[in-house]
Amino acid sequence: MAAPEAELVLKWEREQAHLRESVKEEDTEDWQRSPDFSGLERVGGVDLSFIKGDDINACAHLVVLTYPHMKVLYEDCKMVTLNAPYVAGFLGFREAPPLLQALEKLKNIQPNLMPQVLFVDGNGLFHYREFGLACHLGVLSDLPCVGVAKNLLHVEGVVRSEEHQLQINALQKSGDSFSLATASGRVLGKALRSSQSSIKPVYVSVGHRITLDTAVRLTHTCCLYRVPEPIRQADIRSREYLRCRDIT
DNA sequence: GCGACAG
DNA sequence: ATCTTGTCGC
């Protein structure tokens with residue numbers, strides 16, 4: 001079973017390298033330059049939830065919240081069948097297709113509710129080949145995207161070391177952060193203390209059409225709790241959906 | 001060489 | 001991703 005997957009991985013690596021060329025690491029929107037993000041009214045979040053013994057059927061969820069109040073404007077939930085296995089470093093091939101479909105549906109039925117930026121559960125440029133799920137979704141949808149991972153991916157020398165833990169301990173207050181740089185010095189993301197009540201940081205990186213500093217600043221303003229509200233709502237609502245549907 | 005490895 | 005309730009503390 002390892003051989004066919006190795007071939008698939010090679011194909012995926014080529015595709016990631018190709019799509020990587022389209023990632024924009026700049027602020028392309030006016031609201032991104034504004035100190036208080038004036039002009040930003042809608043932020044989106046996506047997530048997939050699974051049932052315990054099943055890793056191919058999932059609930060794909062898209063939510064759109066108002067900014068800055070974080071009220072739910074739109075919610076879409078759908079059971080989907082995933083075609084690709086989970087392989088660390090290739091999340092996009094597994095999760096992006098159903099999420100892109102959800103965005104496409106929104107564009108067709110309520111284009112006025114299209115989010116101006118999308119929060120993605122997972123990494124963007126903080127990735128082995130600088131092309132995580134947030135970049136994947138960003139490039140294919142051409143929407144500004146921010147990657148927010150709850151756990152540290154081991155990328156080019158960035159690991160859960162004693163040094164890393166010391167940096168986490170130094171994050172005194174909500175909004176504090178430190179850079180995640182490769183051995184060569186390139187900053188691929190930032191560890192952000194997103195709320196006062198949680199010492200564990202979230203790992204923020206650029207998905208598409210946004211700078212890292214703007215992504216971190218925006219993430220901070222969207223956090224009522226540790227996880228940015230758009231992702232948190234997508235997560236809560238998708239498992240709620242599964243819970244009620246599973247009992248049948 | 002072995003293990004580590006977003007969701 | 002998922003397995004899982006209450007409980008202690010600010």
Side-chain angles (χ1 to χ4, degrees), chain A residues 2 5-6 9 12-13 16 20 45-62 77 79-100 102 118-138 145-165 172-174 180 182-183 188-192 194-208 215 219 225-228 230-232 234-243 245-247:
Chain A
E5 181 177 281
V9 161
W12 281 349
E13 284 180 344
Q16 286 183 329
R20 170 70 183 87
V46 288
D47 191 40
L48 261 62
S49 286
F50 298 79
I51 299 177
K52 47 184 175 182
D54 186 347
D55 58 347
I56 65 166
N57 294 112
C59 174
H61 216 97
L62 165 65
C77 192
M79 287 306 298
V80 296
T81 301
L82 302 181
N83 302 306
Y86 168 70
V87 182
F90 301 95
L91 238 198
F93 295 96
R94 176 169 165 83
E95 302 198 350
L99 297 176
L100 285 167
L118 189 65
F119 279 94
V120 180
D121 202 349
N123 297 295
L125 290 178
F126 187 62
H127 177 272
Y128 307 130
R129 289 164 297 280
E130 297 188 11
F131 197 74
L133 174 60
C135 296
H136 207 123
L137 273 179
C145 284
V146 176
V148 180
K150 297 183 290 296
N151 292 291
L152 183 68
L153 180 62
H154 290 196
V155 177
E156 292 188 66
V158 181
V159 294
R160 292 192 306 259
S161 58
E162 196 173 324
E163 162 68 6
H164 184 74
Q165 190 54 51
Q172 291 298 309
K173 60 181 191 304
S174 168
L180 303 169
T182 64
L188 294 182
K190 287 196 175 189
L192 167 73
S194 53
S195 76
Q196 203 52 258
S197 56
S198 155
I199 182 59
K200 185 174 179 178
V202 290
Y203 300 94
V204 181
S205 60
V206 170
H208 187 50
T219 299
Y225 304 98
R226 185 172 86 105
V227 175
I231 293 178
R232 186 171 163 269
D235 181 72
I236 290 174
R237 289 159 189 261
S238 59
R239 6 166 70 121
E240 167 73 14
Y241 179 85
L242 285 183
R243 189 194 317 162
R245 181 187 173 288
D246 189 31
I247 304 176

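These numbers were taken from a predicted model, which means no experiment stands behind them.
- Remark: ring of A:Y86 stacked against base of B:dG7; centroid gap under 5.5 Å, plane tilt under 30°.
- The shortest side-chain heavy-atom distance between A:K190 and A:F126 does not fall under the 4.5 Å cut-off.
- Applying the side-chain contact (heavy atoms from CB on, under 4.5 Å) test between A:E13 and each of A:F131, A:F90, A:Y128 identifies A:F90 as the sole match.
- The only option from A:R232, A:R239, A:R237 that meets the salt bridge (charged side-chain N to carboxylate O under 4.0 Å, His left out) definition with A:D235 turns out to be A:R239.
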So which protein N/O to nucleotides 1-9 of chain C N/O distances come out below 3.5 Å?
residue, atom, partner, partner atom, Å
C:dA1, OP2, A:K150, NZ, 3.2
C:dT2, OP2, A:R239, NH2, 2.7

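- Per the geometry, CG belonging to A:L188 stands 14 Å off C1' belonging to B:dA6, to the nearest Å.
- Between the OH atom of A:Y225 and the P atom of C:dC10 there is a distance of 19 Å, given to the nearest Å.
- Within the 4.5 Å cutoff, the side chain of A:L48 has heavy atoms near those of the A:L99 side chain.
- The side-chain hydrogen bond (donor to acceptor under 3.5 Å, both in side chains) check on A:D47 picks up nothing, with sequence neighbours excluded.
- Across the protein-nucleic acid pair, A:F126 atom CZ and B:dC5 atom P stand 12 Å apart, rounded to whole Å.
- If you measure from atom CG of A:L91 to atom P of B:dA6, you get 9 Å, rounded to the nearest angstrom.
- Within 4.0 Å of A:F93, counting heavy atoms only, lies no atom of the nucleic acid at all.
- A:G89 comes within contact range of at least one nucleobase, with a heavy-atom separation under 4.0 Å.
- A straight line from NE2 of A:H164 to C1' of B:dA4 spans 14 Å, rounded to a whole angstrom.
- Results of the side-chain contact (heavy atoms from CB on, under 4.5 Å) test with A:V148 over A:V120, A:T219, A:N123 single out A:T219 as the only residue that passes.
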